[in-house]
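Excluded from the calculations below are hydrogen atoms, water molecules and symmetry mates; all remaining heavy atoms, backbone and side chain alike, are included.
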Amino acid sequence: MSLDPIVLFAVIGALGIGAQWIAWRTQTPAIVLMLAAGLIAGPVTGLIDPEAAFGDLMRPIVAVAVAVMLFEGGLSLNLAELRETRLGVRRLVFIGAPLGWLLSALAIHYGAGLSWQSAAVFGGILVVTGPTVIMPLLRQARLKSRPASILRWEAIVNDPVGALLAVLSFEVIAAMSGAGTLLEAAEHFALGLVVAGIAGVAAGKLIAWAFRRGEVPEYMKVPVLFGSVLAVYASTDSILHESGLLAVTVMGVVLGNAHLPSLDELRRFKEHVTVILVSGVFVLLAASLDTELLSQLDWRAVLFVVLIVCVVRPLTVMVALAGVGMPWQEKAIVALIAPRGIVAVAVAGLFGVRLAEFGFEDARMLAPLAFVLVAATVVLAGFTIKPLARRLDLVSTEAPGVLLVGASDWSVALGKALREAGIDVLIADRNWFRLGKAREGELEYFHGEILSEAAEHHLDMNAFGTLIAATDNDAYNTLVCTDFGPEFGRNHVYQVGRGEGGNGRGLPVTLGGRPLAGGIRHAELERRVRNGEGFNIWTEIADWEDWRARHPADAVIAILHKGSALSFVEKGTSPTLKDGDSVLSLGPKEAVEPGSADAEDAQDDAD
């Protein structure tokens, strides 16, 4: 069955984006659903046949998409963060990546039976562990901070590093295949590196200069950036074959480390465009798999997966982390949890076709083998990380912290009170100036959009058990709570009271989080803090009703239990206090006697 190319684009887009949406709703790895969608639509049912529909355009479409993904990978590689990360992460990058490349190439050659040329390129690709797969697994398992941090940062940093190793391997093979002597091959390779490097650095610095000087208006920055990526890729690739991928990767690294004030716009560009391209390319490659190639997967494919999972990865991690002072349990879980992601499949599919054009026919097996490895590692990690973490005693026992979204006088005051009670707090806000008081109070903070991919990559979400949407925007608070509800649990996302919506124009009550402190609004919280009230922690409360009568104006926020556990109080309920429990409330510093005029005025004010 051959669909019209326009219809095929629509079908691929619907399958890819639909799979990602279903994955978000069901909290499952998107890559598994996209793999299933592509296989069912392609080899299984024959609904779509990209090769027949696109013909000679198939390879350029995939190549451009991979170029954008590699640029995105370079853009996310922050060299300062790499220098500042822990010793374990640096060793996994500088020792583990080259060693993993070598050992993976050996496993591919001797296990899967591919040529050394195919093994060298594929080995570089397998260095990558997908951050989009790792993050949900870490939240699911609630690992202790050190192994979770190492797994998270390794996935982020090695994402572009692995792709770069694959590009370099391919450059060597392409040069040697097109030259008559080793000297000519070396010259060809060196020329490729120089051309790609100069073009990438020049384009990155030129765009950074133009953005910094205001030569490009805000609404044109994303289009200019996207057009520049395509221009750099096409121009360098036409001058020297296959140098385009390396050039756009270098360009991404330069821009990602240029400290641009408009970096948020660049991040939005990479997030939106990459999601669309990843969805399309993954389904496209899965649907393009040849049933004949799939049928050739035999015991050697199983041996290849076993060698990568059980030999290459553990040996790489143990060598790289030798002498860093980590317990063997932490090394073990880092060694056994290494799911591959979308980048591995996309790059393998592209290089497989191009290596085959150089005469390495076995390279056509790269895409099927990549699919098999991705499926095996994602499923294996998904089912084993939680029981393995429990068995190795690596489940975090620390009291989960509180994530406050929105910096203001009252949220900073709340953060300080929670910190004094021994609870970790992080305040997130897009506005650097609003975070000023959080910085002055030495609170942990995140400057950026909490719903962005950057937050997904840079924040260890499994360290938090409660989210409070504390901005003055009801719609945004509702969006944040709705988005994080499946991740934190609906009972652990709170928001300040909503404004009244007349004529049915209010936000649906089915969306958003639970009301904080009985639904007290942002403006009221801000007014009370600015008028001198504060967040108080009351200990040794023998009788709740008696304490409530003596503090009628206090807005009760939460109960602090032993071990810094936290539970929020619903409006109109009387919590049961145990020995050692404390009450966190917002109110005057001085208590008033029940029944007094001041108490009645305070109660009216609280109501």
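For the atom pair Met318 CE and Trp328 CH2, the distance stands at 8.5 Å (nearest 0.5 Å). For the atom pair CG of Leu435 and CG of Asp429, the computed distance is 5.0 Å after rounding to the nearest 0.5 Å. To the nearest 0.5 Å, atom CD1 of residue Ile125 and atom CG of residue Leu366 are 6.0 Å apart. The distance from atom CZ of Arg300 to atom CG of Leu307, rounded to the nearest 0.5 Å, is 10.0 Å. With rounding to the nearest 0.5 angstrom, the CG atom of Asp424 is 12.0 Å from the CG atom of Leu403. Between the CZ atom of Phe304 and the CG atom of Leu369 there is a distance of 5.5 Å, given to the nearest 0.5 Å.
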Between Val405 and Phe484, is a side-chain contact (heavy atoms from CB on, under 4.5 Å) present by the stated rule, with each step listed?
-> CA-CA 11 Å; Val405 181; Phe484 282 98; 6.0 Å; no

Could you go step by step and tell me if Glu361 and Leu355 meet the side-chain contact (heavy atoms from CB on, under 4.5 Å) rule?
-> CA-CA 8 Å; Glu361 288 297 324; Leu355 282 171; over 6 Å; no

Apply the test side-chain contact (heavy atoms from CB on, under 4.5 Å) to residues Arg514 and Val493: give CA-CA distance (whole Å), side-chain angles for both, the deciding distance (0.1 Å), then the verdict.
-> CA-CA 6 Å; Arg514 303 170 73 180; Val493 290; 5.8 Å; no

When you look at Asp362 and Phe360, which way does the side-chain contact (heavy atoms from CB on, under 4.5 Å) test go after all the steps?
-> CA-CA 6 Å; Asp362 61 345; Phe360 307 107; 3.8 Å; yes

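A donor-acceptor distance shorter than 3.5 angstrom exists from the side chain of Arg340 to the backbone of Leu126, with no hydrogens or angles considered. Judged by distance alone, with hydrogens and angles left aside, the side-chain atoms of Asn257 form a donor-acceptor pair with the main-chain N or O of Val253 at under 3.5 Å. In this structure, Arg91 contributes its side chain and Ala320 its backbone to a donor-acceptor pair below 3.5 Å.
Under a 4.0 Å N-O distance rule, the pair Arg313/Glu154 qualifies as a salt bridge. Under a 4.0 Å N-O distance rule, the pair Arg439/Glu442 does not qualify as a salt bridge.
Counting heavy atoms from C-beta outward, Leu380 and Val309 have side chains that approach closer than 4.5 Å. Residues Leu394 and Glu330 are in side-chain contact: their nearest non-hydrogen atoms beyond the backbone lie under 4.5 Å apart. Taking 4.5 Å as the limit, some side-chain heavy atom of Phe464 sits within range of a side-chain heavy atom of Leu426. In this structure, Leu336 and Thr384 have side chains that are not in contact, with every pair of non-hydrogen atoms separated by 4.5 Å or more. A 4.5 Å side-chain heavy-atom check between Tyr494 and Leu467 finds every atom pair outside the cut-off. Contact annotation: the side chain of Val305 never approaches that of Thr377 to less than 4.5 Å [non-hydrogen atoms, C-beta and beyond]. Leu114 has its side chain out of reach of His109: every pair of non-hydrogen atoms, C-beta onward, lies at least 4.5 Å apart. With contacts defined as side-chain heavy-atom distances shorter than 4.5 Å, the pair Ile95/Thr316 does not qualify.
Between Tyr110 and Trp116, a ring centre-to-centre spacing shorter than 6.0 Å is recorded.
Across all non-hydrogen atoms, the minimal contact from Ile427 to Gly406 is CG2-O, 4.0 Å. Between Ile385 and Ile337, the shortest heavy-atom contact is CB-CD1, 3.9 Å. Of all heavy-atom pairs between Pro314 and Ile308, the closest is CD-O, 4.4 Å. Nearest approach of Ile150 to Met326, heavy atoms of both residues: CD1-SD, 3.5 Å. Closest heavy-atom contact between Ile333 and Pro147: CG2-CB, 4.0 Å. Annotation for Glu444 and Val425: closest pair CB-O, 3.5 Å, computed over non-hydrogen atoms.
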